[in-house]
Amino acid sequence: MSSTSADRPVPLGGLLLRWSCLSYLGVVVLFPLTAVVIRALSAGPVRLWKEIVNPFAWHAIRLSLTTALVMVAISVVTGTATAWVLARYEFPGKGFVNALVDLPFAVPTIVTGLMLVALFGPSSTLGVVLSGFGLPVIYEQSGIVLALLFVCYPFVVRSVQPVLENLDPAEEEAAATMGAGRWLIFRKVTLPALVPSIVSGAGLSFSRALGEFGSVVIVAGNRPLSTKTAPLYVYGEVEGFNVDGAMAVSLVLLTCSLISLVAASKLAERQG
Amino acid sequence: MKPPKPATSPEMTWPQRFLIAAVLAWFGLLILGPAVALVRRAMEPGIGRFFAKLAEPDAIESLWLTAKITAAVTVCNTIFGIGMAIVLVRQRFWGRRLMDGVLDLPFAVSPVIAGLMLIILYGPRSTIGSRLSDMGLPIVYHLPGMILAGLFVTLPLVVRSVAPILEEVGSDQEEVASTLGADWWTTFRKITLPTIRWGIAYGSALVVARSLGEFGALLVVSGNIIGRTQTATLYVHDQVESFEPHGAYVMSTVLAGLSFGMLIALEAVRNRTHRQEYGAEESQDPSVERKTIRPTRRH
């Protein structure tokens, strides 16, 4: 953009600001990261690999990936539907819903866990009814998906909604004039325009879900080989002073999370 | 303030009504229902018991510690957040792209892993950790470690709220000021600061909300010793672990109330930013709106 200030030599104040900011970034983010990398290198790949393929760790990683994927699959549909309804229709309570969509971002994750236990837990009416049908949610794997759905609800909604609101209606109207039905218009005209924002919302949700801890710790019951997700496993290993095990699983999580973020932004760019 | 909507017929068809009902039902079950259930559980034994629980020393202590951490984190990350935004947008130097990427890393890192990183770097078994604790400055399991955890987790928020505004406004006015002989501090105070103030407000409000509710990183870093290193979220966890659901529900309600308040404040700030930056006219460029309004979601 405006590069005039950049072409001139930076004054002393600017250099001072730059170096203090870079040092701050170093101390807060870069040092801890480097420490982990150094520690991982000194442990060696063989040791780390052993920690990853340990059945408990492996199950935790798989559980995190599966629950996150299931959540993203549901969230893409419900999030797009919510964005659609908020952008296109008028109905009583719309302002209220629109404001509260962000609630999962504001509420502390551990509070999320307690909210879900309060509504779906074994001591609530709904919880009793659900277990009566043989579908207990809390302390089961489905509870993890539920917690992730809550926590990631705003991502897809908030990335699709602005695109939908600013979409040029002309194309849809043209399609309608040519006799296309609503569903056909949605599939052929609207949806393709929304895909980049849906993909980027999905990538953010997935990355967030992989690392989710506070709500899952309350909702999942923390049973090894059953409801213990990867972040819970990492915490357990830290508590048990097995730093190598914690680090190995952390590296897997970090890699998956970064890949999903980068892939989503690349896909969204290409589609857009 | 809303962009023009595509023409929809005033009379809705049944499939449309069904879609609205389905979305409302999902929203009610997933978001609203749990929130209401939490408040009901906290109030069940009566409002007197609610406040009695809150007045217990453990609860008060934990809220006080949360307030201290939040204050420290917000001040540091706001000041350095502004600085980093200016450096990132206004300066060109080797490693700027790297800085841009590193800034977003905390978004990709699970809170638990953030805690683990701090333990590895500053823990009692690390060189730096043992050196510092010999000097009488223990980090992990103490307040400094908890503040560092908060700083890590909330670092991108102010930068990502302020940087887009700086980019949008450009540096013309700042150039004029310095050509007219203003030094950089005067330029910053008179020109830059007024333009980005609502971005700063938005970013720091996000920092407050996030550090009030931070849990995973703190759990790993704190060691969870009652009274000394227990924050409000750790108190909730502790109450759950010791089968005291009422205490957990009460503190959760307080935290949820605080974050709800922050949400309303954010909404107000967001409207202000929008009005200030783009005047009464509607913004034509969707990306402008998204950048200012949803700064946390830029990766």
Side-chain angles (χ1 to χ4, degrees), chain A residues 1-2 4-6 10-11 13-14 17-18 21 24-25 28-33 35-36 39 78 81-82 85 88-89 91 97 99-100 102-103 106-111 114-116 118-119 149-150 153 158 162 165-166 169 207 211 213-214 218 231 234-235 238 246 250 253 257-258 261 265, chain B residues 3 6 8 19-20 23 26-27 30-31 33-35 37-38 41 80 83-84 87 90-92 102 105-106 108-113 116-121 151-152 155 167 170-171 175 184 209 213 215-216 220 233 236-237 240 248-249 252 255-256 259 262-263 267 286 289-290 294 297 299:
Chain A
M1 263 185 51
S2 48
T4 32
S5 66
V10 183
L17 181 70
R18 181 194 303 173
C21 284
Y24 183 76
L25 192 61
V28 175
V29 179
L30 221 48
F31 280 7
L33 262 164
V36 172
R39 180 77 195 250
T78 57
T82 308
V85 164
R88 291 291 166 99
Y89 305 135
F91 54 92
V97 173
L100 281 193
D102 283 328
L103 193 69
V107 168
T109 51
I110 191 165
V111 175
L114 275 151
M115 284 180 172
L116 294 174
L119 185 63
L149 279 171
F150 183 103
Y153 183 64
R158 291 307 194 205
E165 274 169 0
N166 291 291
S207 154
F213 179 70
I218 299 289
V234 171
Y235 172 61
V238 174
S250 298
L253 274 182
S257 170
L258 283 175
L261 285 177
S265 77
Chain B
T8 39
L19 183 64
I20 294 176
V23 164
W26 180 255
F27 179 81
L30 189 67
I31 311 289
L38 173 74
R41 281 296 167 83
F80 281 99
M84 284 187 284
V87 170
R90 293 280 186 262
Q91 299 188 6
R92 292 290 174 274
V102 170
L105 269 176
V109 176
S110 167
V112 182
I113 300 178
L116 173 68
M117 287 175 174
L118 291 176
I119 293 227
I120 289 177
L121 182 60
L151 288 178
F152 181 93
L155 184 100
E167 224 163 273
S171 55
E175 305 266 305
W184 67 273
F215 170 64
V220 175
T233 47
V236 172
H237 183 239
V240 172
Y249 286 133
S252 291
L255 285 172
S259 45
M262 291 306 299
L263 196 68
E267 198 72 26
E289 191 182 28
R290 267 159 81 202
R294 309 261 160 230
R297 235 140 301 154
H299 280 279

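Chain A is the first sequence line, chain B the second, and so forth, proteins listed ahead of strands; every chain is numbered from 1.
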### Message
Keeping E267(B) on the side-chain end and A99(A) on the backbone end, is there a donor-acceptor pair under 3.5 Å?
### Response
no
## Note on the structure
Nearest heavy-atom approach of A108(B) to S207(A) is CA-OG, 4.3 Å
### Query
What part of F31(A) is in contact with chain B, defined as an atom under 4.5 angstrom from a non-hydrogen atom: side chain, backbone, both or neither?
both
### Query
Looking at L151(B), V220(B), I113(B), which one has more heavy-atom pairs under 4.5 Å with chain A than the rest?
I113(B)
### Query
Is it the side chain or the backbone of F215(B) that comes within 4.5 Å of chain A heavy atoms, both, or neither?
side chain
### Taking every non-hydrogen atom, the tightest pair across R18(A) and R92(B)
NH2-O, 4.1 Å
### Task
Output the distance between atom CG (L30(B)) and atom OG1 (T78(A)), rounded to the nearest 0.5 Å.
7.5 Å
### Query
For the residue pair V107(A) and S259(B), what are the closest heavy atoms and their distance?
CA-OG, 3.7 Å
### Test item: F80(B) and V28(A) side chains (from C-beta on) under 4.5 Å apart, heavy atoms
no
## Note on the structure
Honestly, the part of V97(A) sitting under 4.5 Å from a heavy atom of chain B is both
#### Entry: CE on M115(A) to CD1 on I31(B), rounded to 0.5 Å
9.0 Å
#### Entry: Ring geometry between Y153(A) and F27(B) (parallel below 30°, tilted from 30 to 60°, perpendicular above 60°)
tilted
### Task
Grab the two heavy atoms, one from A35(A) and one from I120(B), that are nearest each other, plus how far apart they are.
O-CG2, 3.9 Å
### Query
Side-chain contact, heavy-atom cut-off 4.5 Å: L155(B) with L25(A)?
yes
### Summary
For V112(B) and P231(A) the tightest heavy-atom approach is CG1-O, 3.8 Å
### Query
How close do A118(A) and R41(B) get, heavy atom to heavy atom, and via which atoms?
O-NH2, 3.4 Å
### Proximal component of I20(B), with respect to chain A [non-hydrogen, under 4.5 Å]
both
### Query
If you count heavy-atom pairs under 4.5 Å between each of L33(A), L30(A), V111(A), L149(A) and chain B, which one has the most?
V111(A)
### Query
So, does S252(B) use its side chain to make a donor-acceptor pair with the main chain of L114(A) at under 3.5 Å?
no
### Message
Please classify the contact between L103(A) and chain B as side chain, backbone, both or neither, with a heavy-atom cut-off of under 4.5 Å.
### Response
both
### Message
Less than 4.5 Å to any heavy atom of chain A: does that hold for the side chain of M84(B), its backbone, both, or neither?
### Response
both
### Query
So which part of V85(A) gets closer than 4.5 Å to some heavy atom of chain B, the side chain, the backbone, both or neither?
side chain
### Residue, of L253(A), V234(A), L116(A), L100(A), that accumulates the most heavy atom pairs under 4.5 Å with chain B
L100(A)
#### Entry: Any residue meeting side-chain hydrogen bond (donor to acceptor under 3.5 Å, both in side chains) with T109(A), in chain and number order, not counting sequence neighbours
none
### Task
Answer yes or no: is there a side-chain heavy-atom contact under 4.5 Å between L116(B) and V36(A)?
no
### Summary
Counting heavy-atom pairs under 4.5 angstrom with chain A, the leader among V23(B), L105(B), V240(B), L19(B) is V23(B)
